[in-house]
Amino acid sequence: MRNLLSIDDVSAEEIQTIFATAADMHDVQSREVKKLPALRGRTVVNLFFEDSTRTRSSFEIAGKWLSADVINISAKGSSTSKGESLRDTVQTVCAMGVDGLVMRHSASGAAHQVAGWVDAVVVNAGDGMHEHPTQALLDAYTLQRHLGSLEGRHVVIVGDLTHSRVFRSNVLCLSKLGARVTVVAPPTLMPSGIASWSEAAGFETSYDLDEVLPTADAVMMLRVQRERMAGGYFPSPREYTVGYGLTRDRLALLKPDVPICHPGPMNRGLEIAADAADAAQSVVLEQVSSGLAVRMAVLYHLLAGESEEGGA
Ligand code: CP
């Protein structure tokens with residue numbers, strides 16, 4: 001694995017290797033001194049052209065705990081606002097001897113394009129509506145910790161599929177790990193072409209959340225991405241919640257202790273009720289701490305290499 005641009009870049013075996021390293025990294029979180037020397041001398045730039053709380057801060061902490069020098073650049077406040085192109089921006093940054101570039105961009109395919117322009121290792125931290133591979137890895141890692149093997153487990157992904165890079169990466173990742181995946185959305189938020197993709201990739205689709213929930217071993221609620229919606233995809237927020245929200249009533253349809261995931265940020269009261277977000281079986285905050293461990297593991301495998309001192 002030279003870069004991490006898509007879940008297609010990693011095999012099931014490599015995913016399990018990342019998870020094994022993440023488990024070691026998880027232990028670092030509970031230490032008094034949260035520092036490993038693995039990336040000493042390496043420089044990682046977090047280049048974010050879209051807003052982020054979880055991904056950017058966890059990549060920053062991950063790099064710092066691995067002893068890398070970490071620099072954050074966001075489009076607001078950079079020369080991008082003066083009209084500098086993406087290519088000029090990344091080549092300028094990388095001319096300073098950067099080893100790793102973690103980037104988020106609103107354009108699908110941006111990370112792939114950048115990987116062809118620079119020598120630095122590129123990690124896709126979300127490109128438009130395409131992919132968010134480290135989110136899928138941390139989601140699968142979290143679920144595997146709860147369910148054991150994901151082989152044959154039924155994971156139900158619900159919500160705004162059309163605009164979701166999290167859904168696309170998760171379908172690829174969970175399927176690779178042997179899970180049975182069902183995606184649920186209103187017809188207006190089912191991506192076009194999903195019938196042929198689901199047939200080829202072996203996942204199921206449904207418009208009926210109440211029918212699917214009782215067989216779920218895990219449920220993943222997706223954010224309604226109103227900032228990406230040009231028109232009305234549903235009549236009103238209330239109607240969306242009635243049809244597709246994880247409400248208090250729907251919690252009762254789940255088998256006991258079924259993990260409830262949400263990548264965040266959550267629209268409480270729209271796609272997920274507070275009763276579900278804060279339920280004992282909610283793993284939303286665990287996803288965040290797992291995200292840090294998984295991102296440490298990804299940076300370690302991409303940037304340290306086996307010969308580097310101070311390995312995991
Ligand atoms: N899940 C996720 O990508 O969150 P942020 O936008 O806060 O990084």
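Predicted model only: the values in this text are computed from it and were never measured. Indexing begins at 1, ligand by ligand and atom by atom, following the structure's order.
- Side-chain contact between Val90 and Val122 is absent, with no heavy atoms from C-beta onward closer than 4.5 Å.
- Considering all non-hydrogen atoms of both residues, Ala140 and Leu177 come closest at CB-CD1, 3.8 Å.
- Between the side chains of Glu14 and His301, no donor-acceptor pair is found at a separation under 3.5 Å.
- Within the 3.5 Å criterion, the main-chain N or O of Ser164 finds a donor-acceptor partner in the side chain of Arg168.
- Across all non-hydrogen atoms, the minimal contact from His105 to Leu86 is CD2-CD1, 4.0 Å.
- The two atoms that bring Asp8 and Lys176 nearest to each other are CA-NZ, 3.7 Å, heavy atoms only.
- For ligand 1, the protein residues placed under 4.0 Å by at least one non-hydrogen atom are Ser52, Thr53, Arg54, Thr55, Arg104, His132, Gln135, Pro263, Gly264.
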